[in-house]
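Have a look at the structure below, then the notes.
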2 protein chains.
Amino acid sequence: MQRLKRPTQEDVARLAGVSRATVSYVINGLARGNISISEKTRRRVLEAAEQLGYVPDATARALRLGTTKALGLIIPDIRNPHFWETVDGAWREARASGYHLLLSSMDLSAEYGREIFEELSHRRVDGLILMGSFIEQSDEAQKILLRLRKQRLPIVEISDHLRDDHVDQVVSDYRSVTHEVMELLFSLGHRRIGLVYGVARSDLALDRLEPYRKCLEGFGIAFDEHLVVQCGPTIEDGYRATFALMNCDPPPTAIVAINDLLAIGVMRALVDLGRSVPRDVSVVGFDDIPQARYLVPRLTTATKDASLLGQKAVQLLLKRIAVPDRPYECVVLPARLIVRESTGPAPRG
Amino acid sequence: MQRLKRPTQEDVARLAGVSRATVSYVINGLARGNISISEKTRRRVLEAAEQLGYVPDATARALRLGTTKALGLIIPDIRNPHFWETVDGAWREARASGYHLLLSSMDLSAEYGREIFEELSHRRVDGLILMGSFIEQSDEAQKILLRLRKQRLPIVEISDHLRDDHVDQVVSDYRSVTHEVMELLFSLGHRRIGLVYGVARSDLALDRLEPYRKCLEGFGIAFDEHLVVQCGPTIEDGYRATFALMNCDPPPTAIVAINDLLAIGVMRALVDLGRSVPRDVSVVGFDDIPQARYLVPRLTTATKDASLLGQKAVQLLLKRIAVPDRPYECVVLPARLIVRESTGPAPRG
DNA sequence: TTGTAGGCGTTATCAC
DNA sequence: GTGATAACGCCTACAA
């Protein structure tokens with residue numbers, strides 16, 4: 001027994017006793033206002049379609065129309081709950097405009113990023129949202145990106161710094177809120193502040209690293225390279241980094257993790273080292289993932305509206321698709337600090 | 001300035017001074033062994049393609065070949081880290097066979113599920129993997145599914161119980177490991193055991209609810225409906241459920257959460273209620289999400305190989321696509337208990 | 001108000 | 001070895 005052949009417009013037309021064009025008109029709801037179909041014909045066509053179980057073929061439509069009604073979205077790390085919010089926001093926005101979303105994550109494998117690039121150049125998606133400036137890391141990705149740009153394919157970048165390039169951008173920047181974090185810790189008396197810098201790609205959290213250094217300078221505190229541990233993006237990485245950090249002499253009285261996932265590992269490590277949070281060591285994260293407020297103690301963190309981020313990105317992308325020649329745009333989203341229990345006064349030393 | 005038109009095979013053919021067919025042969029690497037191209041021509045074509053930046057059009061290819069080289073995957077809850085493992089496994093397996101994966105999650109909105117169903121009937125994907133038997137909940141989904149089945153579209157279900165239906169299935173069942181969980185708690189002296197039953201859809205965790213009841217019966221413990229709290233799937237739900245649970249008289253000495261995400265909420269709630277885990281109350285979760293072993297205390301949990309689950313599902317699906325008429329198959333994956341610090345002897349009453 | 005016909009970019013079946 | 005040519009299913013001027 002073979003798979004049943006899909007019914008086509010032709011089949012529907014035959015059954016309804018009309019032409020293919022008429023079926024198309026009816027199915028598409030008479031898109032152009034200047035064509036009208038008699039109610040009787042309309043009903044006959046609809047019934048025939050129903051009876052046959054006719055469903056329009058998206059591939060044929062895509063070929064004909066030159067548009068797939070699908071957008072690509074690349075996030076840096078699918079294991080980080082923070083990015084779901086962005087996916088969620090993008091998803092809703094895309095759906096509201098009748099677009100699908102193809103999700104890809106860099107962490108599954110570096111190749112996946114490449115893959116979705118190719119999706120775009122193969123015309124499987126009408127546009128692309130790139131989150132995290134990882135592209136700048138790989139020569140090959142750069143090359144592909146360049147070609148896509150030359151073809152003027154719609155691309156929106158979500159990143160942490162404004163580029164003067166000709167690109168639509170959504171910028172969400174932890175720079176100024178990182179200043180707030182550092183000032184909070186400083187005002188609480190902390191002078192030895194560690195940084196757990198766990199990233200998949202080294203340019204991914206510069207908006208936290210740079211303010212960290214600058215603030216220390218502003219406070220008149222010498223930068224100590226031992227207080228910055230560079231590691232991977234998993235909880236385990238944060239855990240290990242903390243052991244390294246607490247080995248310093250003297251050890252830090254506060255630890256800033258560049259995201260909440262790492263902070264989970266940091267807090268657990270401190271427990272295992274017999275240190276109390278925040279009595280002995282204060283901890284701060286970034287992103288305010290859902291778990292953050294259920295940790296023991298609840299995690300102080302800084303965050304932005306990640307869902308809105310995705311939403312805005314899709315909006316920009318759709319605008320670009322609709323009007324390829326408009327000037328490039330940049331949307332900036334603010335971040336805010338959320339102080340919870342994991343930060344407290346520095347212990348008197 | 002308009003967007004540049006994509007170069008087609010025609011353009012390449014013209015530049016290389018050959019026919020469209022020849023270009024196709026070269027690009028596809030002479031798929032059918034019986035056609036051969038002279039090395040010189042081959043090189044000329046490749047150079048022309050490179051020079052023009054020619055990239056095959058996936059939509060045209062899909063239309064011609066009747067296959068999109070894409071698979072759909074529906075997971076119940078993208079916010080639950082447990083399911084990423086499955087996505088990851090499926091993704092790798094699909095990729096290895098040259099397939100893409102379209103991800104959809106029921107939690108984003110119930111509509112998303114429907115949406116991917118439609119993707120399938122519109123031929124945007126060659127097959128579908130359904131995770132969680134949520135389909136049985138919605139009449140509409142049922143209807144669509146039925147039609148898809150009639151068209152004999154390739155579908156694989158990942159669920160927690162064997163169905164005698166004619167479907168390819170991957171079954172991962174927490175039933176027997178839930179027995180182990182209950183026996184562990186019983187042997188530790190627990191007699192009042194609470195269940196936090198937080199699911200998006202009510203049939204999603206029957207493989208934990210049913211053994212729970214049966215075990216109590218086996219232990220000669222009367223079932224107390226107050227000890228089972230039905231709630232939603234978020235951490236906050238688990239948190240609230242625990243307050244309700246600890247209001248019982250007498251309160252439970254152990255709480256089983258049907259997944260680790262809920263267990264995070266449970267543990268936080270117990271802290272806020274001034275109870276110590278595991279001294280006052282033992283906690284058990286399911287899934288062994290990455291966070292589980294970093295909680296304070298580390299979480300006892302039961303799990304299966306979620307990545308393998310996804311892998312197997314894709315394998316089944318691809319087999320079905322290749323050979324539509326093979327007999328239906330079912331793969332069963334085992335689960336195992338991981339005992340950590342969150343379980344201990346029942347307090348002496 | 002409805003039908004006819006051409007073409008979107010590919011691949012596959014033929015001839016040559 | 002290579003080159004015409006016919007689909008794949010759909011949309012849309014334009015003709016009737």
Side-chain angles (χ1 to χ4, degrees), chain A residues 3-46 48-49 52-69 121-124 126 151, chain B residues 3-46 48-49 52-69 121-124 126 151:
Chain A
R3 182 160 347 144
L4 273 45
K5 212 183 80 52
R6 298 165 48 86
T8 75
Q9 281 193 343
E10 176 94 51
D11 300 324
V12 177
R14 212 177 2 246
L15 180 59
V18 298
S19 79
R20 296 200 332 267
T22 307
V23 176
S24 180
Y25 293 142
V26 172
I27 298 295
N28 294 354
L30 308 84
R32 315 294 305 157
N34 43 8
I35 287 178
S36 51
I37 303 278
S38 78
E39 187 53 32
K40 212 179 66 182
T41 309
R42 217 182 77 85
R43 198 183 307 277
R44 253 216 328 274
V45 170
L46 254 22
L52 261 47
Y54 168 76
V55 182
D57 183 319
T59 64
R61 183 177 271 167
L63 176 59
R64 178 67 232 258
L65 263 22
T67 175
T68 57
K69 287 286 189 179
S121 65
H122 289 191
R123 267 210 359 198
R124 292 185 100 115
D126 293 343
Q151 298 180 227
Chain B
R3 182 165 339 149
L4 273 46
K5 211 181 83 50
R6 297 163 49 86
T8 74
Q9 281 193 347
E10 175 94 49
D11 301 323
V12 177
R14 210 173 8 242
L15 181 59
V18 297
S19 78
R20 301 211 315 278
T22 307
V23 177
S24 179
Y25 293 144
V26 172
I27 298 295
N28 294 354
L30 309 82
R32 317 292 304 158
N34 44 7
I35 287 176
S36 53
I37 303 280
S38 77
E39 187 53 31
K40 212 179 67 185
T41 310
R42 215 181 80 85
R43 198 182 306 276
R44 256 218 324 280
V45 170
L46 254 23
L52 262 47
Y54 167 77
V55 182
D57 184 318
T59 64
R61 184 176 271 169
L63 176 58
R64 180 64 235 252
L65 262 20
T67 175
T68 58
K69 287 285 186 180
S121 65
H122 290 195
R123 264 211 1 202
R124 291 185 100 115
D126 293 343
Q151 297 181 228

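Letters A, B, ... are given to chains in the order of the sequence lines, protein chains preceding strands, and every chain is numbered from 1.
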Collect all protein-nucleotide pairs involving nucleotides 6-10 of chain C in which both atoms are nitrogen or oxygen and the distance is under 3.5 Å.
residue, atom, partner, partner atom, Å
C:dG6, O6, A:R20, NH2, 3.4
C:dG6, N2, A:R64, NH1, 3.1
C:dG7, N2, A:R64, NE, 3.4
C:dG7, N2, A:R64, NH1, 3.3
C:dT10, OP1, B:Y54, OH, 2.6
C:dT10, OP1, B:D57, N, 3.2
C:dT10, OP2, B:Q9, N, 2.9
C:dT10, O5', B:Y54, OH, 3.4
C:dT10, O4, B:R20, NH2, 3.2

Do you know which two heavy atoms are closest between [X] and [Y], and how far apart they sit?
X	Y	answer
A:I27	A:P56	CG2-CG, 4.1 Å
A:T68	A:R124	OG1-O, 3.1 Å
A:G53	A:P7	O-CG, 3.8 Å

Does any pair with a residue in residues 16-28 of chain B pass salt bridge (Lys or Arg N to Asp or Glu O under 4.0 Å), and if so which ones, sequence neighbours excluded?
B:E10-B:R20
For DNA chain D, whose closest nucleotide is more 5', that of A:A21 or that of B:A21?
B:A21
d([atom1], [X]; [atom2], [N]) in whole Å:
X	N	atom1	atom2	value
B:R43	D:dG1	CZ	P	17 Å
A:R44	C:dT2	CZ	C1'	11 Å
B:Y25	D:dT5	OH	P	14 Å

Is the distance from OP1 or OP2 of D:dT2 to the nearest side-chain N or O of B:T22 less than 4.0 Å?
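Looking at the OP1 and OP2 atoms of D:dT2, neither is under 4.0 Å from any side-chain N or O of B:T22.
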Quick check on D:dT2: is either OP1 or OP2 less than 4.0 Å from any side-chain nitrogen or oxygen of B:T41?
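Yes.
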I'd like to check A:I37 versus A:T22 (side-chain heavy atoms, cut-off strictly below 4.5 Å). Are they in contact?
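Yes, side chains in contact.
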Just jot down the salt bridge (charged side-chain N to carboxylate O under 4.0 Å, His left out) partners of B:R123, sequence neighbours excluded, or say none.
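By the salt bridge (charged side-chain N to carboxylate O under 4.0 Å, His left out) rule, B:R123 matches A:D57.
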